[in-house]
Amino acid sequence: MTDNKSISRRSFLKLMGAGSVAALAACAGKGNSGEESLVEPPVGQMTYRKNPKTGESVSLLGYGMMRLPTLPNSEEYDQDMINRQVDYAIEHGLNYFDTSPTYCRGLSEHCTGIALKRHPRNKFFIATKLSNFDPSTQTREASIQMYRNSMKELQVDYIDYYLMHGIGMGGMRALKARYIDNGLLDFMLKEREAGRIKNLGFSYHGEIEVFDYLLSENDKYHWDFVQIELNYLDWNYADEINERNTDASYLYEELHKRNIPAVIMEPLLGGRLAKVPQYVVSELKQREPQRSVASWAFRYAGTPEGVLTVLSGMTFMEHLKDNLLSYCPLVPLTEEEQRFLDTTIAHQMMEEDNIPCNDCKYCMPCPYGIDIPGIFVHYNKMKIEGRLPDDAGDASYRANRRRYLISLDRAVARDRQPDHCIQCGQCMPHCPQNIRIPMELQRIGQFIEELKQNA
C-alpha cells in the first residue's frame, strides 16, 4: 500500500468547496450533541449530488433506517413516528433511504416499506443489502430468497441501490462463500441488466485485501457505488482505533480515482463525534457558537465531491432536524477548518483510549442476553465525560464509583451485564470494528467487580 495519508490529504484538500457562507443556526429541539437549537431547517435548500451513471440527483443526507424509534417502554417499533419522520425528511428534500434485512431485529425493511409506500415511487431511492452473514443464508437459493423478500417487504418491484453487505468481514474466504462460489454476484449482475437493480455496489468493513480485490475487478463488475466509513477520526486514525481497519483517506482516494461514488456510513462514528469531551465542545463552540457539535462531522463527511450521500441513523426527530440543517444547504469545510479537525480535534480525541464500538448492534442478539453495545457505550460515555472511577486514591473516586454503578444499572439491566458473558465468542465474527468483544466484556466485568468490592 502506498503512503496514502499524504496523497489522500492533498487530494482531499483540492476537492474542498471554495469559501464558506455564514453559519446556519441549529434546528428546533435538541440536536445530536444535546444543546438547545434555534430554528427549523429550511425547505427547498437540500444539497444534492449527481449520480454519474443515471444523472439522478441524490440528497447529500441519507436516512439510515437501522435505529428506528420505538414506542415508550417497549421494543415495538413506532410506525406512526417512523411515518412522520420519513414524511418530514422527504418534505425537506431527503430522498435516499438505506436499510437491510438484518436491521432492527429484521423489521427495518418492513417498517421502511410501509412509510415509503405512502409517497410516489419517484420521490425516493431505496438502498438495501444482501445480508447473508449466517451460513444458512449463503446458499444460492436462500440468498435469492432474501433478495426477493427485500422487495416484498419494501413493497417495490426494483431496488435503486443494492449492496453486498459488509464485505471484508471474514476476508476473501467469506467473500467467496457469500457471493462468488454460489453465483450470487453473477445473479446480481443479471438483475442489474434486467433493471430490477438500478445500481450495484458493496459496503466495506474489515480486510483491505477484499476491498482492493473488488476494485481491481471494476472493469468486470462496473461498481456503481461503494459504501465506506468516513469521519474525521477514521480519515487518518482508523488503523489506530482498530489495527484491522483501514484509513478512510485510502478508501476514499481509491474510489475517487476510479470515479466510483462513495456512500458514507458512520459520519458520527456511532455517535462518538456527537458526544465529544467537553474540551472539544468548547473549541468547536468557540468557532461556531450556534452550530451543533454533530454538524462539524456531517460537514466533514459531505464536503468531498466524490461523496454521493452521507447516511445517518436518526432515531429521533431532533436528530433528523439537526442533520437536515447541516445539508440544507451544505456549507463546505474550508481548508483551514479541515486542518483544524484533522490536526487538532482528531489528535486530541485519539488520546482517549475508548472501545471502538459504533453501536451498530451487528453483534446482537447475544445468545446469553448480554447487552454488548449498551455496556460499551456506557463505558465510553463515562470515560469521555471524565467520570470513570479509575484511581481509588483520587478525591472524586467514591462519587464517580457510585455514579458509574448506578448509571450502569439504569442503562443496562442486571441480567444483561458483563458478568453473564460465558466467553463463547459468537459475537466476534459479526463486529465490523473487529473488537475482541469477550475480552473487553471480561475486562469491564472485572472493573465493575472491583468497584463493588471497594465500597
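Only this structure's heavy atoms are used, side chains among them; waters, hydrogens and symmetry mates stay out.
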Practice task
Given side chain to side chain donor-acceptor pair (under 3.5 Å), test Tyr379 with Arg443 step by step and report yes or no.
Solution key: CA-CA 11 Å; Tyr379 179 88; Arg443 179 175 68 85; 3.2 Å; yes

Fill in the blank from the handout: So the side-chain hydrogen bond (donor to acceptor under 3.5 Å, both in side chains) pairs with at least one residue in residues 185-194 (sequence neighbours excluded) are Tyr147-Glu191, Glu191-Arg196, Arg192-Asp224

Handout entry: Leu269 vs Glu229 side-chain heavy atoms within contact, under 4.5 Å
Key = yes

Exercise for the section: Name all residues meeting the ring-ring contact (aromatic ring centres under 6.0 Å, His included) criterion together with Tyr204; count only those two or more places apart in sequence or in a different chain, and write none if there are none. Expected result: Phe211

Practice task
Before accepting this row, confirm whether a basic side-chain N of the pair Glu283/Arg287 lies closer than 4.0 Å to the acidic partner's carboxylate O.
Solution key: no

Exercise for the section: Please determine, by modelled atom types, if Tyr161 and Asn51 share a side-chain donor-acceptor pair under 3.5 angstrom. Expected result: yes

Practice task
Would you mind checking if Arg173 and Asp181 are paired as a salt bridge, meaning a charged N to carboxylate O distance below 4.0 Å?
Solution key: no

Completion exercise
Separation between CG (Asp234) and CE (Met265), nearest 0.5 Å, reads 9.5 Å

Handout entry: Aromatic plane relationship, Phe124 with Phe97 - under 30° parallel, 30 to 60° tilted, over 60° perpendicular
Key = perpendicular

Practice task
Measure the CZ-CG distance between Arg84 and Leu320 for me, rounded to the nearest 0.5 Å.
Solution key: 11.0 Å

Problem - Reported CD1-to-CD distance for the pair Ile375 and Glu440, which is rounded to 0.5 angstrom - result: 11.5 Å

Handout entry: No-hydrogen, no-angle side-chain donor-acceptor test under 3.5 Å, Asn323 and Tyr63
Key = no

Practice task
Would you indicate whether Glu336, at its atom CD, is surrounded by more than 12 heavy atoms from other residues, nucleotides or ligands within a distance under 6.0 Å?
Solution key: yes

Practice task
Taking Ser131 for its side chain and Ser100 for its backbone only, find out whether a donor-acceptor pair lies under 3.5 Å.
Solution key: no

Practice task
Look at Glu56 together with Lys198 and state whether they make a salt bridge at an N to O cut-off of under 4.0 Å.
Solution key: no

Exercise for the section: Specify whether Tyr252 and His256 have parallel, tilted or perpendicular ring planes, treating 30° as the upper limit for parallel and 60° as the lower limit for perpendicular. Expected result: parallel

Handout entry: Tyr103 and Leu68, any side-chain heavy atoms less than 4.5 Å apart
Key = no

Practice task
Using a cut-off of 6.0 Å, state whether more than 12 heavy atoms not belonging to His378 lie near its atom NE2.
Solution key: yes

Practice task
For Asp160 and Ala127, indicate whether the former's side chain and the latter's backbone hold a donor-acceptor pair under 3.5 Å.
Solution key: no

Problem - Check: Pro69 and Ile82 side chains under 4.5 Å, non-hydrogen atoms - result: yes

Exercise for the section: May I ask you to decide whether Glu254 forms a salt bridge with Lys257, counting only side-chain N to carboxylate O separations under 4.0 Å? Expected result: yes

Handout entry: Close side-chain approach of Gln426 to Pro367, heavy-atom, < 4.5 Å
Key = yes

Problem - Any donor-acceptor N/O pair, Asp322 side chain to Glu318 backbone, under 3.5 Å - result: no

Handout entry: Flag for Asp134-Ser136: side-chain donor and acceptor within less than 3.5 Å
Key = yes

Problem - Any donor-acceptor pair under 3.5 Å from Thr70 side chain to Tyr77 backbone - result: no

Problem - Main-chain N/O of Asp87 paired to Arg118 side chain as donor or acceptor, under 3.5 Å - result: no

Practice task
For Trp223 and Leu214, indicate whether the former's side chain and the latter's backbone hold a donor-acceptor pair under 3.5 Å.
Solution key: yes

Problem - Charged N-O contact under 4.0 Å between Lys129 and Asp98 - result: yes

Practice task
Find out whether Leu215 and Leu255 are in side-chain contact, i.e. whether some heavy atom of one side chain is under 4.5 Å from a heavy atom of the other.
Solution key: yes

Problem - Donor on one side chain, acceptor on other, Glu207 and Tyr213, under 3.5 Å - result: no

Problem - Flag for Asn149-Gln145: side-chain donor and acceptor within less than 3.5 Å - result: no

